[in-house]
There are 2 protein chains.
Amino acid sequence: MEEQEPKMLEFRGKQYPCCASLTMGVIGGKWKTVILFHLMNNTLRYSELRKAMPTVTERTLSLQLKDLEEDGLISRTVYTPKPPLKVEYALTEFGKTLIPLIQAVAAWGDYAVSCA
Amino acid sequence: MEEQEPKMLEFRGKQYPCCASLTMGVIGGKWKTVILFHLMNNTLRYSELRKAMPTVTERTLSLQLKDLEEDGLISRTVYTPKPPLKVEYALTEFGKTLIPLIQAVAAWGDYAVSCA
DNA sequence: CAGTATCCTACCCGATACTG
DNA sequence: CAGTATCGGGTAGGATACTG
């Protein structure tokens with residue numbers, strides 16, 4: 001008798017009360033959808049992501065990329081054995097299942113701006 | 001020369017660096033999509049929302065409903081002049097433009113659970 | 001180039017009690 | 001019934017300096 005309701009959903013060790021909250025738990029936060037949006041059509045290097053998102057700090061970008069990688073949505077590939085490093089980020093096959101959702105998120109943002 | 005980049009989007013007084021982040025700013029957070037998900041097909045009273053979301057606190061539910069109302073996504077209608085009150089929440093026409101997005105969010109949550 | 005390490009702040013959100 | 005008031009903790013995220 002620890003849980004209030006038995007209908008919890010689980011994903012990667014976390015519990016969610018609803019399918020919608022699960023999705024938001026994975027792609028929520030201030031920057032994750034922005035990262036996914038930029039990786040939707042392109043594989044990008046770390047520095048390219050920084051240029052695409054000039055208002056995020058290095059620390060935050062790094063942490064969010066790590067989160068997304070741990071959730072299996074993006075892949076991180078290192079191309080150089082020693083510094084200067086070349087690292088590329090790309091959507092995984094699982095991450096690509098989010099593309100329609102990311103597109104809908106982006107489209108609604110544009111729509112809302114056009115209304116206001 | 002106050003902004004770093006001139007390409008900021010604005011919605012209801014807030015600035016966003018990208019259309020995707022705007023959407024997440026409006027429907028992000030832990031509970032907003034869950035509320036919208038439950039209001040997607042039904043008009044619901046406050047107490048009905050509470051029953052549908054047993055793990056949210058009254059304070060948080062109240063604050064999130066107010067946020068959604070201020071952003072024009074839901075309407076709040078009071079049916080009684082004095083306590084006990086009857087209040088119903090429903091999506092506005094603008095809020096209904098989010099339905100395909102909410103459905104995609106919910107569908108991906110179900111999909112992710114089925115993968116795990 | 002691609003990140004960590006440290007430090008710090010804001011605010012989101014929970015718990016509980018009270019009110020029109 | 002449908003909320004607010006008050007208090008407080010946890011953590012997401014920012015600023016800056018440093019490293020392989």
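To find a chain, count down the sequence lines: A is the first, B the second, and so on, and within it residues start at 1. Every value quoted in this text rests on a predicted model; they were computed, and no experiment measured them.
In this structure, CD1 of B/Ile27 is placed 16 Å from P of C/dC12, rounded to the nearest angstrom. Spacing between atom CG of A/Asp67 and atom P of C/dT4 amounts to 12 Å, rounded to whole angstrom units. Rounded to an integer number of Å, the gap from NZ of A/Lys82 to P of D/dG20 is 13 Å. In this structure, B/Leu61 atom CG and D/dA5 atom C1' are separated by 17 Å, rounded to whole Å. Between B/Glu88 atom CD and D/dC1 atom P the separation is 15 Å, expressed in whole Å. At whole-Å resolution of the value, CG in B/Leu49 and C1' in D/dA2 are 12 Å apart. Between the CG atom of A/Leu63 and the C1' atom of D/dG14 there is a distance of 11 Å, rounded to whole Å. Rounded to a whole Å, the NZ atom of A/Lys66 is 18 Å from the P atom of D/dT11.
Within 6.0 Å of NZ in A/Lys14 there are 12 or fewer heavy atoms belonging to other residues, nucleotides or ligands.
Heavy-atom nearest nucleotides on DNA chain C were determined for A/Arg59 and for A/Pro84, and the one closer to the 5' end corresponds to A/Pro84. Of the residues near DNA chain D, A/Leu85 and A/Gly28, the one whose nearest nucleotide (by heavy atom distance) lies more toward the 5' end is A/Gly28. When each of B/Glu58 and B/Gln64 is assigned the nucleotide of DNA chain C bearing its nearest heavy atom, the one mapping closer to the 5' terminus is B/Gln64.
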* Would you sketch DNA chain C in dot-bracket for me? Only Watson-Crick or G-U wobble pairs with both distances under 3.5 Å count, crossing pairs as [ ], other-strand pairs as |, the rest as dots. => ||||||||||||||||||||

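A/Tyr89 and A/Tyr46 have tilted rings, their planes meeting at an angle from 30° to 60° on a 0 to 90° scale. Ring planes of A/Phe11 and A/Phe94: tilted class, angle from 30 to 60°.
Aromatic ring centroids of B/Trp31 and A/Tyr16 lie 6.0 Å or more apart.
Here A/Ser62 reaches the OP1 or OP2 of C/dT4: one of its side-chain N or O atoms lies under 4.0 Å away. Phosphate proximity of C/dC1 to A/Arg45: absent, as no side-chain N or O sits under 4.0 Å from OP1 or OP2. For the OP1/OP2 pair of C/dG3 and a distance below 4.0 Å, the side-chain nitrogens and oxygens of A/Tyr89 include at least one atom meeting the criterion.
When distances run from any side-chain atom of B/Thr57 to the nucleotides D/dA2, C/dT4, C/dA15, the shortest one goes to C/dA15. Comparing D/dG3, C/dC13, D/dA2 against the side chain of B/Thr60 picks out C/dC13 as the nearest.
Residues passing the side chain to side chain donor-acceptor pair (under 3.5 Å) test with A/Asp67 are A/Lys32, sequence neighbours excluded.
When each of B/Thr23, B/Thr33, B/Leu36 is paired with B/Leu101, the side chain to side chain contact (heavy atoms under 4.5 Å, CB included) condition holds for B/Thr23 and for no other.
A donor-acceptor pair under 3.5 Å is formed between the side chain of B/Glu48 and the backbone N or O of B/Arg45.
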